[in-house]
Amino acid sequence: MKKEDTVKLISAEGFEFVIDKEAAMVSQTIHNMLTSPGSFAESQHGEVTFPEISTTILEKICQYFYWHLQFASGKETEFPIEPELTLELMMAANYLHT
């Protein structure tokens, strides 16, 4: 896979998730950061840092992006969410417009 086909998402703790750009584009916020002409440094480097999102939550968000792509193509499956992550996950999803 080419580097331009991936995006690096970085959590508050500095953990890096390298995911398909198509999956990352599920988030309207990330989509805007990566496609706005010259407006965001993220579009030049292909990296997005989330200083307010923990590693655990960002990992779950990345899983959701891939789940969403499968679901959008007609494959229906459940997306499990642990109850203890619900509040933080909702706040992150609101920020990311997912």
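The first residue in the sequence is number 1, and the count goes up from there.
Under the 4.5 Å side-chain contact rule for hydrophobic residues, I57 and I10 do not share a cluster.
Remark: side-chain polar atoms of T6 are not paired, donor with acceptor, to backbone N or O of V18 under 3.5 angstrom. Side-chain atoms of S27 do not come within 3.5 Å of backbone N or O of A24 as any donor-acceptor pair.
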> Is there a side-chain contact (heavy atoms from CB on, under 4.5 Å) between F50 and T29 once you walk through the steps?
Replying inline: CA-CA 11 Å; F50 297 103; T29 301; 5.6 Å; no
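More than 12 heavy atoms of other residues, nucleotides or ligands lie within 6.0 Å of CD in E82, so this atom counts as buried by the packing criterion.
The side chain to side chain contact (heavy atoms under 4.5 Å, CB included) search around T55 returns S11, E13, F15, F17, not counting sequence neighbours. Taking the salt bridge (charged side-chain N to carboxylate O under 4.0 Å, His left out) definition, one finds that K21 meets it with nothing, sequence neighbours left out. For E22, the side chain to side chain contact (heavy atoms under 4.5 Å, CB included) test picks out L69, with sequence neighbours left out. With sequence neighbours excluded, no residue forms a salt bridge (charged side-chain N to carboxylate O under 4.0 Å, His left out) with E52. Under the rule for a side chain to side chain contact (heavy atoms under 4.5 Å, CB included), the partners of F79 that lie at least two apart in sequence or sit in another chain are K60, Q63, Y64, W67, I81.
Annotation: the span from E47 atom CD to K8 atom NZ amounts to 4.5 Å, rounded to 0.5 Å. From T86, atom OG1 reaches atom CE of M91 across 11.5 Å, with rounding to the nearest 0.5 Å. Atom CG of L96 sits about 5.0 Å away from atom CD1 of I30, to the nearest 0.5 Å. Remark: E59 CD to I61 CD1 distance equals 11.0 Å, nearest 0.5 Å. Taken to the nearest 0.5 Å, the CG atom of L89 stands 9.5 Å off from the OG atom of S54.
Residue Y66 comes nearest to D20 through the heavy atom pair OH-N, 2.8 Å, listed as atom of the first residue, atom of the second, then distance. L58 and I53 make their closest contact through N-CG2, 3.7 Å (heavy atoms, listed as atom of the first residue, atom of the second, distance).
T35 places a side-chain heavy atom less than 4.5 Å from the side chain of M25.
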